[in-house]
There are 2 protein chains.
Amino acid sequence: MVVDRQLTEAEFDRTFHALADMTRRDILGRAIRSDESVSALSRHYSMSLTAVQKHIAVLERAALVTKERRGRAQIVHANGPTIAKAIALLDQYEALWIDRANRIADVLATADEGEQP
Amino acid sequence: MVVDRQLTEAEFDRTFHALADMTRRDILGRAIRSDESVSALSRHYSMSLTAVQKHIAVLERAALVTKERRGRAQIVHANGPTIAKAIALLDQYEALWIDRANRIADVLATADEGEQP
DNA sequence: CTAACCTACAACCGTATGGTTGTAGATAGG
DNA sequence: CCTATCTACAACCATACGGTTGTAGGTTAG
C-alpha cells in the first residue's frame, strides 16, 4: 500500500493553500473535534452554504478532510495524516535552521578563542 | 518585549499563503541554508528577477524572511521563529486529532467489553 | 567619472480565488 | 405522497495572484 509516502510539491501547494484561510482553518478545527455535516458546518459562518461548500472542497482537494455520505447528510471528517505530513515538512525547515544557527554559534565561539592569546 | 506571542489569524493567513508555492518554499530553503542576495537567488529560477523579488516580498510580509542591506546587495535571511509558530499551530491540530482518535478507541473498547457477557 | 550591477517599482495581462444567486436532484419524515 | 432538508453545480462578479516588460535610482569597481 502506498499510503505513507511524502506529499508531492503540488500536494504541499494545495495543503498550505487550504490552510491559508481563517474560515478553512476553523472548519478543519471543527472537523477534528466533531463530525458535522456540510450544512451544519455552514451554520457557523455568515456566508452562503455554497461558499462553505467551496471551502470544504478546497480542504478535500488538499486531503485535509474527507466526506462520508450518511443518509442525506454529508459528514466531514478530518484527515490526520495530511496534517502530520505538513508538520514533517516544516520540521525539516526548522531542523535546518537550528543546525545552521548552531554552526554559526560554533564559528563565533572558535573565533572568540583566538581573540584572547 | 512582545516577541514570542502567537501569530494572529491574519498572520497565519500570510504565513501559509507564503508556504503554498513551490518557488517560495525553495527560496525559504535556500535562505535557511545560506545567505544569498535577491539577484543571486533569482539566478536559480527560470523567471524574471522581478518575479523572484515579488516572491521574496510575500515571504517577507509573512515574516518568514528578512532582508538586510549589505552594500548594493540585499541579503535574504530566514526567520526561524515564524516557522516554529506555524509548526505550533499544526501541532495543536494534530494533538486534537490524536486525542479524538484515542477517545474513539476508548469508546470502541468499552463497547467491546459489554458484548461478550 | 563611468560603466556595470543590484534593487525597486509602476503598469499591464491572464488566470485563480472567494464570494454571490439560482436551479435542480436525492433523501427523510409526517 | 408531499414537503422540507441537504447537497451539488453552473454562472457570474470583483479582486488578488503570478507573471511579464520597462523605467529609474543607488552602489561598487576600474
Side-chain angles (χ1 to χ4, degrees), chain A residues 8-31 34-79, chain B residues 8-31 34-79:
Chain A
T8 64
E9 292 295 326
E11 286 166 339
F12 277 124
D13 283 6
R14 287 185 221 118
T15 301
F16 288 120
H17 168 69
L19 290 169
D21 181 282
M22 205 184 61
T23 303
R24 287 195 289 263
R25 286 195 300 275
D26 197 74
I27 291 173
L28 178 60
R30 290 180 189 276
S34 62
D35 292 333
E36 287 182 71
S37 69
V38 171
S39 64
L41 282 167
S42 83
R43 279 180 223 113
H44 299 298
Y45 310 100
S46 59
M47 64 181 76
S48 70
L49 167 66
T50 302
V52 174
Q53 274 181 312
K54 285 192 187 179
H55 281 304
I56 293 171
V58 170
L59 288 165
E60 203 177 6
R61 261 180 273 129
L64 284 164
V65 131
T66 59
K67 286 191 293 187
E68 178 212 359
R69 248 246 130 68
R70 199 128 135 203
R72 61 184 162 182
Q74 194 87 260
I75 308 297
V76 177
H77 302 281
N79 188 25
Chain B
T8 64
E9 292 294 325
E11 286 167 338
F12 277 125
D13 283 6
R14 288 185 221 115
T15 302
F16 287 120
H17 168 69
L19 290 169
D21 182 283
M22 205 184 62
T23 303
R24 287 195 291 262
R25 286 194 301 274
D26 196 74
I27 290 174
L28 177 60
R30 289 181 189 277
S34 62
D35 293 332
E36 289 182 70
S37 69
V38 172
S39 65
L41 281 167
S42 84
R43 278 180 224 112
H44 299 297
Y45 310 99
S46 58
M47 64 181 78
S48 69
L49 167 64
T50 302
V52 174
Q53 275 181 311
K54 286 192 186 182
H55 281 304
I56 292 170
V58 170
L59 288 165
E60 205 179 5
R61 264 179 273 131
L64 283 164
V65 132
T66 58
K67 286 191 294 190
E68 179 211 359
R69 249 248 128 66
R70 199 131 137 200
R72 63 184 161 184
Q74 194 88 262
I75 307 297
V76 178
H77 302 282
N79 186 25

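Chain letters run A, B, ... following the sequence lines, proteins first, then strands; residues in each count from 1. All figures in this text were calculated on a predicted structure; none of them were measured in a lab.
- Applying the 3.5 Å distance criterion, the base of dC5(C) shares no donor-acceptor pair with the side chain of S39(B).
- Here the side chains of L28(A) and R24(A) are not in contact, with every heavy-atom distance at 4.5 Å or above.
- Among the protein residues, R70(B) comes within range of no part of the nucleic acid, since none of its heavy atoms lies under 4.0 Å from any strand.
- Backbone-only engagement by S37(B) is indicated by non-hydrogen atom pairs under 4.0 Å involving sugar-phosphate atoms exclusively.
- Nearest nucleotide to the side chain of R69(A), out of dT7(D), dG22(C), dT5(D): dT7(D).
- Nearest to the side-chain atoms of K54(A) among the listed nucleotides dC17(D), dA11(D), dC6(C) stands dA11(D).
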Set out, in order, the CA-CA distance, both residues' side-chain angles and the distance that settles side-chain contact (heavy atoms from CB on, under 4.5 Å) for F16(A) and R25(B), then state yes or no. CA-CA 11 Å; F16(A) 288 120; R25(B) 286 194 301 274; 4.3 Å; yes

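- Nearest to the side chain of H55(B), among dT20(D), dA29(D), dG18(D), sits dG18(D).
- A close approach under 4.0 Å does occur between a side-chain nitrogen or oxygen of Q53(B) and OP1 or OP2 of dA8(C).
- Atom CZ of R70(A) has 12 or fewer heavy atoms from other residues, nucleotides or ligands within 6.0 Å.
- Atom C1' of nucleotide dG19(D) and atom OH of Y45(B) are separated by 16 Å, given to the nearest angstrom.
- A straight line from CZ of F16(B) to C1' of dT17(C) spans 19 Å, rounded to a whole angstrom.
- Between D21(B) atom CG and dT15(C) atom P there is a gap of 18 Å when expressed in whole angstrom units.
- Residue contacts for A73(B): at a heavy-atom cut-off of 4.0 Å it reaches the sugar-phosphate backbone alone, with no base atom in range.
- A close approach under 4.0 Å does not occur between any side-chain nitrogen or oxygen of K67(B) and OP1 or OP2 of dC6(C).
- For the pair L59(A) CG and dG18(C) P, the interatomic distance rounds to 11 Å; values are reported in whole Å.
- When the nucleotides dG19(D), dG19(C), dC6(C) are ranked by their closest atom to the side chain of M47(B), dG19(D) comes out on top.
- Taking atom CE on M22(B) and atom P on dG18(D), their separation rounds to 13 Å, with Å as the unit.
- The shortest distance between the side-chain N/O atoms of R43(A) and the OP1/OP2 oxygens of dC6(D) is below 4.0 Å.
- Where G71(A) and V38(B) meet DNA chain C, the nucleotide closest to each residue was compared, and V38(B) sits on the side nearer the 5' end.
- Put simply, CG on L41(B) is 12 Å from P on dA8(C), counting in whole angstrom units.
- dC6(D) atom P lies 17 Å from atom CD of E68(A), rounded to whole Å.
- Heavy-atom minimum distance, V52(B) versus V38(B): CG1-O, 4.4 Å.
- For R24(B), a side-chain nitrogen or oxygen approaches OP1 or OP2 of dG18(D) to under 4.0 Å.
- The side chain of T50(B) has dT20(D) as its nearest neighbour among dT5(D), dT20(D), dG18(C).
- S48(A) comes within 4.0 angstrom of a nucleotide base, judged by non-hydrogen atoms across all strands.
- At whole-Å resolution of the value, CG in L19(A) and P in dG18(C) are 12 Å apart.
- Other residues, nucleotides and ligands contribute more than 12 heavy atoms inside 6.0 Å of the CE atom of M47(A).
- Looking at heavy atoms from C-beta onward, T50(B) lies in side-chain contact with Q53(B) at the 4.5 angstrom threshold.
- Across dG29(C), dA29(D), dA8(D), the shortest atom-to-atom separation from the side chain of Q74(A) is found for dA8(D).
- When the side-chain nitrogen and oxygen atoms of H17(B) are compared with OP1 and OP2 of dA16(C), none of them lie within a distance under 4.0 Å.
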